[in-house]
Amino acid sequence: MSAGMLTKLFPKLSAGAQGVLAPKLGITSLAGKKLNISKMADMDNIVNADNYIEENNPSLAVNPANEAIVAAVHQYSSFCIAIASFDGGDTFDYNNYVLLPLQAGSSGCANPVVRFSPDGLYAYYFYMDIGGSGLTSDIVMVRANGYDPTSLLTGPIVVLDDLGSFLDKPWGDVAYFDVTGASNGAVYVTGTYFTSGGICGILFNASTNNGNTWTYGTSGTVLASTSNCYRSTSPVLQGSRPIGNPNTGWVTVCWYNSESDGWLSGAFGIRCWSNDSWGSGGTNYFFTAVNDQKYELPYYLGPSGAYHRWWNSMFPALAVDNTGLVYIAYTADPNSNPYDVESGNVFLARGWPSGSFWKTQPLGTGSFAQGFPTVTARCSSIPSAKCYAYVAYGDYMSSNAYYKIVYRQASRTYSYTLPSALTLGPKKTISDVPSFSDAGNYFIGDYIDSFVTSRRYEVIWTDRSDATGRYDADDDVMHDVLLP
């Protein structure tokens, strides 16, 4: 990747990658605002404040074989920290953390994600490994002991090689490969690639043996692409995520598509691809889960772009329940004014991975903004026999000067016949204290994360409740456990 083209593409990258790349490329401003570039201070752990460094982009997973074991990971400047809880997420062992390894000492880590194998034997970390020059990046995976997620076993293993392009926005998932129990390890990973010619696209890779070998080598397979991504008038593809079916070979990947009216202009869509045989063979399905969604978000949160980077809240968050129904949570601007305080509402879409029966309904609305949703899903057993989706998101107040983390539950009867709309429960607050929004030259990350079991609903987010104001760059990572 050339420095010139990467500089042109820089606004389209994830906030996590931008934070690592800006000092490498000498970039000091973004979309008309001067960037804040932090320097690393002393090490800090999850749910613990560090006044000198930004901690964000958190992810978590619960061991399905032992719910007492929770793995969490987050970005820490240009590093990524993994940490474990052994009491179901009620507390985290601050002395039991590990820095995720990189391929070279000058590399940087961004956008980390963690998931467990269905049998609980392994924890998988997926993240960007950005080269010292800042012009190359691989998406790598590390496999850890599922009973101590800070005990790393293998890696970093390159699962998507840049091959001269720049790779961004990784996400991973792990599902059953063989429902008879003979094997536990369908591993899926996606990312966005940007080439020196200005092409951007979505890459996918799969493994059916716990990540030991990969179906498409290290180059992956291209699911979608478009040209001239550095131009604001051209479509942009970003923010892909895979989700594997818990019981069958279905895997679904969805991503943001700015569509033909250009980037951050007019409407956008959520495009998807599914395969019914663990990512290769079988039948492929391409479909639009969300079509002509008005309107695109502004680059910065309003009013008038006063607060942190916001456009990446359009990227889809995915979940699947026991029946195979796929859920997508995302943010869209309810009006065409990019400068007002009502800069986003949260929506929930759902449908089958074959592309049928997709419907969308608003879930997070209000006088000010809502965004950065995470979704997780489960179905209860008989006699209640219902399926639930839990959507947590940032709910903004005081003209978007503050936010709190809230959630809503969406439910339906356990059935393969879908209702016209899901039943929405009341909005409930998760975070104890409101957080200051970041000023426009900062960012609070690209995502938060969540996980649900029959007994626990766990949410992890970027928290700024101890910040002194919007110009205080301090971000922390907080976590809470609720009853589902």
Side-chain angles (χ1 to χ4, degrees), residues 15 46-49 54-62 70 72-75 85 88-92 113 297 301 307-310 312-317 319 327 329-331 341 343-348 362-377 388-410 424-438 442-452 456-467 470 472 474-484:
I46 196 167
V47 294
N48 194 11
E54 300 172 24
E55 301 162 293
N56 40 50
N57 283 343
S59 177
L60 70 82
V62 177
V70 180
V73 64
H74 64 86
Q75 195 166 332
S85 169
D90 291 330
T91 61
F92 282 82
V113 179
L297 299 180
L301 176 63
Y307 298 111
H308 44 256
R309 268 161 271 182
W310 185 241
N312 40 20
S313 188
M314 289 184 284
F315 299 168
Y327 301 84
Y330 64 95
T331 309
V341 295
S343 301
N345 285 346
V346 171
F347 293 82
L348 180 64
L363 184 142
T365 60
S367 301
F368 306 121
Q370 297 80 36
F372 289 117
T374 173
V375 59
T376 183
Y388 305 91
Y390 300 80
V391 183
Y393 55 92
D395 189 26
Y396 288 74
M397 60 191 79
S398 301
S399 297
N400 298 337
Y402 305 89
Y403 66 91
K404 56 186 176 181
I405 303 299
V406 302
Y407 83 96
R408 294 188 75 178
Q409 179 196 83
L424 298 179
K427 180 174 68 176
K428 298 181 179 181
T429 300
I430 298 175
S431 53
D432 296 327
V433 181
S435 291
F436 274 104
S437 294
D438 259 332
Y442 304 116
F443 73 99
I444 61 171
D446 294 306
Y447 52 88
I448 63 176
D449 205 3
S450 58
F451 196 90
V452 68
R456 309 174 79 87
Y457 173 45
E458 312 213 13
V459 182
I460 192 169
W461 69 92
T462 302
D463 188 273
R464 291 177 39 78
S465 58
D466 68 344
R470 67 174 179 149
D472 183 348
D474 179 36
D475 295 341
D476 302 316
V477 172
M478 298 292 284
H479 166 273
D480 206 350
V481 182
L482 304 96
L483 293 175

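Between Phe372 and Tyr393, a ring centre-to-centre spacing not shorter than 6.0 Å is recorded. Between Phe451 and Tyr457, the ring center distance fails the sub-6.0 Å criterion.
Expressed to the nearest 0.5 Å, how far OH of Tyr388 lies from CD of Gln409 amounts to 6.0 Å. We find the OG1-OH distance between Thr376 and Tyr390 to be 9.0 Å, quoted to the nearest 0.5 Å. Distance CD1/Ile430 to CD/Glu458: 11.0 Å, rounded to 0.5 Å. Taking NZ from Lys404 and OG1 from Thr429, the interatomic distance works out to 4.0 Å, rounded to the nearest 0.5 Å.
Looking at heavy atoms from C-beta onward, Arg464 lies in side-chain contact with Tyr403 at the 4.5 angstrom threshold. Inter-residue side-chain proximity for Ile460 and Ile448 is flagged as unmet; no heavy-atom pair is nearer than 4.5 Å. Between Ser399 and Phe368, the closest side-chain pair of non-hydrogen atoms falls below 4.5 Å. Contact annotation: the side chain of Ser313 approaches that of Pro373 to within less than 4.5 Å [non-hydrogen atoms, C-beta and beyond].
A donor-acceptor pair is defined here as one N or O able to donate and one able to accept, closer than 3.5 Å; no such pair exists between the side chain of Arg408 and the backbone of Val391. In terms of modelled atom types and a separation under 3.5 Å, the side chain of Ser85 and the main chain of Phe92 share no donor-acceptor contact. Put simply, the side chain of Arg470 never gets that close to the backbone of Ser437: no donor and acceptor are under 3.5 Å apart. A distance-only check finds no donor-acceptor pair linking the side chain of Ser59 to the backbone of Val113 [under 3.5 Å]. At distances below 3.5 Å, not a single donor-acceptor pair connects side-chain atoms of Arg309 with backbone N or O atoms of Ile444. Distance alone, capped at 3.5 Å, places no donor-acceptor pair between the Ser343 side chain and the Leu301 backbone. One N or O on the side chain of Asp449 and one on the backbone of Leu60 form a donor-acceptor pair closer than 3.5 Å. Formation of a donor-acceptor pair under 3.5 Å by the Asn400 side chain with backbone atoms of Ala369 is found in this model. Using modelled atom types, no side-chain atom of Asp90 and backbone atom of Val481 make a donor-acceptor pair closer than 3.5 Å. A donor-acceptor pair under 3.5 Å is absent between the side-chain atoms of Thr331 and the main chain of Gly371, judged by distance alone.
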Side chain to side chain contact (heavy atoms under 4.5 Å, CB included) between Leu483 and Arg456, worked out: CA-CA 5 Å; Leu483 293 175; Arg456 309 174 79 87; over 6 Å; no
message: Would His479 and Val459 count as a side chain to side chain contact (heavy atoms under 4.5 Å, CB included) here? Give the steps.
response: CA-CA 6 Å; His479 166 273; Val459 182; over 6 Å; no
query: Do Lys428 and Tyr407 pass the side chain to side chain contact (heavy atoms under 4.5 Å, CB included) test, and can you show the C-alpha distance, the side-chain angles, and the key distance before you say yes or no?
result: CA-CA 5 Å; Lys428 298 181 179 181; Tyr407 83 96; 3.4 Å; yes
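Of all non-hydrogen atoms in Phe443 and Asp438, the two that sit nearest each other are O-OD2, 3.2 Å. Minimum interatomic distance between Asn56 and His74 (heavy atoms only, all atoms of both residues): O-CB, 3.5 Å. Residues Val452 and Ala377 come closest through the heavy atom pair CG1-O, 3.6 Å. Of all heavy-atom pairs between Gly344 and Leu297, the closest is CA-CD2, 4.0 Å. The two residues Val341 and Ser367 make their nearest non-hydrogen contact at CG2-O, 3.9 Å. Nearest heavy atoms, Ser435 versus Asp463: OG-OD2, 3.5 Å.
Of the candidates Asp476, Asp472, Val433, Asp466 forms a side-chain contact (heavy atoms from CB on, under 4.5 Å) with just one, namely Asp476. Applying side-chain hydrogen bond (donor to acceptor under 3.5 Å, both in side chains) to Gln75 and the options Asp446, Thr462, Asn57 leaves one that passes, Asn57.
Annotation for Tyr402: atom OH does not count as buried by contact number, only 12 or fewer foreign heavy atoms lying within 6.0 Å.
The closest side-chain donor-acceptor pair between Trp310 and Asn312, if any, does not fall under 3.5 angstrom.
Under the rule for a side-chain hydrogen bond (donor to acceptor under 3.5 Å, both in side chains), the partners of Ser450 that lie at least two apart in sequence or sit in another chain are Thr374.
Ring-plane geometry between His308 and Tyr396 is classed as tilted, the angle between the planes lying from 30 to 60 degrees on a 0 to 90 degree scale.
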